[in-house]
Amino acid sequence: MKIAILGAGMIARTMAKTLRGMKQRGEDVELYAVAARDLSRAEAFAREEGFQQAYGSYEEMLRDDQVELVYVATPHSHHAEHMKLCLKYNRPILCEKAFTGNARQAEEVLALAKEKGVFLTEAIWTRYQPARKIINDLIAEGEIGTPRVLTANLGYSMMEKERVFLPELAGGALLDLGVYTLNFASMVFGDDVVRMESSVGMMDTGVDHTENISLYYADGKVAHLMSTAFTNTDRRCVVYGDKGRITVDNCNNPGVIEVYDNSYSGVPVKTIHVPEQITGYEYQVQCCMRDMAEGKLECEEMPHSETLHIMRVMDELRAQWGMVYPFD
Ligand SMILES: NC(=O)c1ccc[n+]([C@@H]2O[C@H](COP(=O)([O-])OP(=O)(O)OC[C@H]3O[C@@H](n4cnc5c(N)ncnc54)[C@H](OP(=O)(O)O)[C@@H]3O)[C@@H](O)[C@H]2O)c1
């Protein structure tokens, strides 16, 4: 599959490394094209990362009929605009998280993709990784009894990154980091949330730097989530049940999953290491290839309904905080 990258920033480099690794393993991916707003930067990226074509405008790349999947790697604020551009040329899309700047934009893009019959999925990598099934299987097998409470945190020191502190680039910790803790809670506890409480710390620029979010579920479960763009955190998630707990070392890319009983011995009764990975990004690309080959328009790991649900939750949280983006 000929893959093109739209936007030659930081995460585009991770995708390039992933695709090289997949190709080396004999998987059917071609590092085909990259587009940046500046041709010389696109050419430098293509040269350094091993892409065949470089384009100095996104639209020019999208006119190229050989492009089979476009990875959108621009700031959240611009995802809707760039996905609509992809859809203008009927190009299948894997779009970085957060899917859009708000739920209205997500609804528009998803409706357009449906109308045009073009494949589209969100690049929220944790949804596609093997850790998800490992955690859900442990719970289903009764390893911790009945799950009751979970905690998850994700923090990185990101204050030097322009798109994180600017409202016009849909900045803030929620869309960059909170989106992972919300997705973790959704993957483990589902979406039947009856009450959501939160508190927030805001930057002078009008976007959030740190938040606590509590989700209360219809069946009595509770999820406590924390995200921050101020500082690195341990990124740990814990699912507590009446017979024990599951710990996950990294909400953003799980590596080690442990099960503890209620004895407080400090020794896990089970330790599971996730399979060796290239970057952890390969799973979402593999899911795109699998589902596109089957003629599907979305990935079962992250259906459009889930993408929209998470966007609506983030809109509601921002409404609680009085946090508005200029494009809202
Ligand atoms: N899954 C993950 O672990 C992960 C990690 C980091 C980021 N992300 C996501 O990836 C996306 C990009 O993040 P990043 O950290 O790679 O950002 P970045 O380094 O700032 O790069 C963003 C790119 O977007 C393009 N762009 C287009 N219009 C722009 C505008 N008006 N202002 C600024 N940039 C613009 C630029 O590409 P050109 O100038 O080259 O055209 C820029 O290189 C975000 O959605 C982010 O949440 C995901």
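Just so we're clear, the structure is a prediction, and the values are computed from it rather than from any experiment. For this chain, numbers begin at 1 and follow the sequence in order. Each ligand, and each atom within it, is numbered from 1 in the order the structure gives.
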Y216 ring centre to R195 NZ or CZ under 6.0 Å, with the angle to the axis within 45°?
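Satisfied, under 6.0 Å and within 45°.
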Enumerate, atom names and distances included, each donor-acceptor pair closer than 3.5 Å involving a side-chain atom of residues 184-191, sequence neighbours excluded.
unit_1: S186; atom_1: OG; unit_2: R127; atom_2: NH2; d: 3.0
unit_1: S186; atom_1: OG; unit_2: D191; atom_2: OD1; d: 2.7
unit_1: S186; atom_1: OG; unit_2: E306; atom_2: OE1; d: 2.9
unit_1: D191; atom_1: OD1; unit_2: H309; atom_2: NE2; d: 3.3

Once ring-ring contact (aromatic ring centres under 6.0 Å, His included) is applied, what residue pairs with a partner in residues 250-300 remain, sequence neighbours excluded?
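Matches after skipping sequence neighbours: W125-Y281.
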Please list all pairs passing the ring-ring contact (aromatic ring centres under 6.0 Å, His included) test where one or both residues lie in residues 26-67, with sequence neighbours left out.
F45-F51, Y58-H82
Within a radius of less than 6.0 Å around NZ of K243, do more than 12 heavy atoms belonging to other residues, nucleotides or ligands occur?
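Open: at most 12 neighbouring heavy atoms sit under 6.0 Å from NZ of K243.
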In a simple table, one pair per line, please give the protein and ligand 1 atom names for every N or O pair closer than 3.5 Å, along with the distance.
unit_1: ligand 1; atom_1: 1 (N); unit_2: Y180; atom_2: OH; d: 2.8
unit_1: ligand 1; atom_1: 1 (N); unit_2: Y281; atom_2: OH; d: 2.5
unit_1: ligand 1; atom_1: 3 (O); unit_2: Y180; atom_2: OH; d: 3.3
unit_1: ligand 1; atom_1: 13 (O); unit_2: R163; atom_2: NE; d: 3.2
unit_1: ligand 1; atom_1: 13 (O); unit_2: R163; atom_2: NH2; d: 3.3
unit_1: ligand 1; atom_1: 15 (O); unit_2: K161; atom_2: NZ; d: 3.0
unit_1: ligand 1; atom_1: 15 (O); unit_2: R163; atom_2: NE; d: 3.3
unit_1: ligand 1; atom_1: 15 (O); unit_2: R163; atom_2: NH2; d: 2.9
unit_1: ligand 1; atom_1: 16 (O); unit_2: M10; atom_2: N; d: 3.3
unit_1: ligand 1; atom_1: 16 (O); unit_2: I11; atom_2: N; d: 2.8
unit_1: ligand 1; atom_1: 17 (O); unit_2: R163; atom_2: NE; d: 3.0
unit_1: ligand 1; atom_1: 19 (O); unit_2: M10; atom_2: N; d: 2.9
unit_1: ligand 1; atom_1: 19 (O); unit_2: K161; atom_2: NZ; d: 3.4
unit_1: ligand 1; atom_1: 28 (N); unit_2: R37; atom_2: NH1; d: 3.4
unit_1: ligand 1; atom_1: 31 (N); unit_2: H78; atom_2: NE2; d: 3.3
unit_1: ligand 1; atom_1: 37 (O); unit_2: Y58; atom_2: OH; d: 3.4
unit_1: ligand 1; atom_1: 39 (O); unit_2: R37; atom_2: NE; d: 3.1
unit_1: ligand 1; atom_1: 39 (O); unit_2: R37; atom_2: NH2; d: 3.0
unit_1: ligand 1; atom_1: 39 (O); unit_2: R41; atom_2: NH1; d: 2.9
unit_1: ligand 1; atom_1: 40 (O); unit_2: A8; atom_2: N; d: 2.9
unit_1: ligand 1; atom_1: 40 (O); unit_2: R41; atom_2: NH1; d: 3.0
unit_1: ligand 1; atom_1: 40 (O); unit_2: R41; atom_2: NH2; d: 3.2
unit_1: ligand 1; atom_1: 41 (O); unit_2: R37; atom_2: N; d: 2.8
unit_1: ligand 1; atom_1: 41 (O); unit_2: Y58; atom_2: OH; d: 2.5
unit_1: ligand 1; atom_1: 43 (O); unit_2: G9; atom_2: N; d: 3.2
unit_1: ligand 1; atom_1: 45 (O); unit_2: T74; atom_2: O; d: 3.3
unit_1: ligand 1; atom_1: 45 (O); unit_2: H79; atom_2: NE2; d: 3.2
unit_1: ligand 1; atom_1: 45 (O); unit_2: K97; atom_2: O; d: 2.7
unit_1: ligand 1; atom_1: 47 (O); unit_2: H76; atom_2: NE2; d: 2.8
unit_1: ligand 1; atom_1: 47 (O); unit_2: K97; atom_2: O; d: 2.9
unit_1: ligand 1; atom_1: 47 (O); unit_2: K97; atom_2: NZ; d: 2.9

Do V239 and R148 have side chains that approach each other closer than 4.5 Å (heavy atoms only, starting at C-beta)?
no
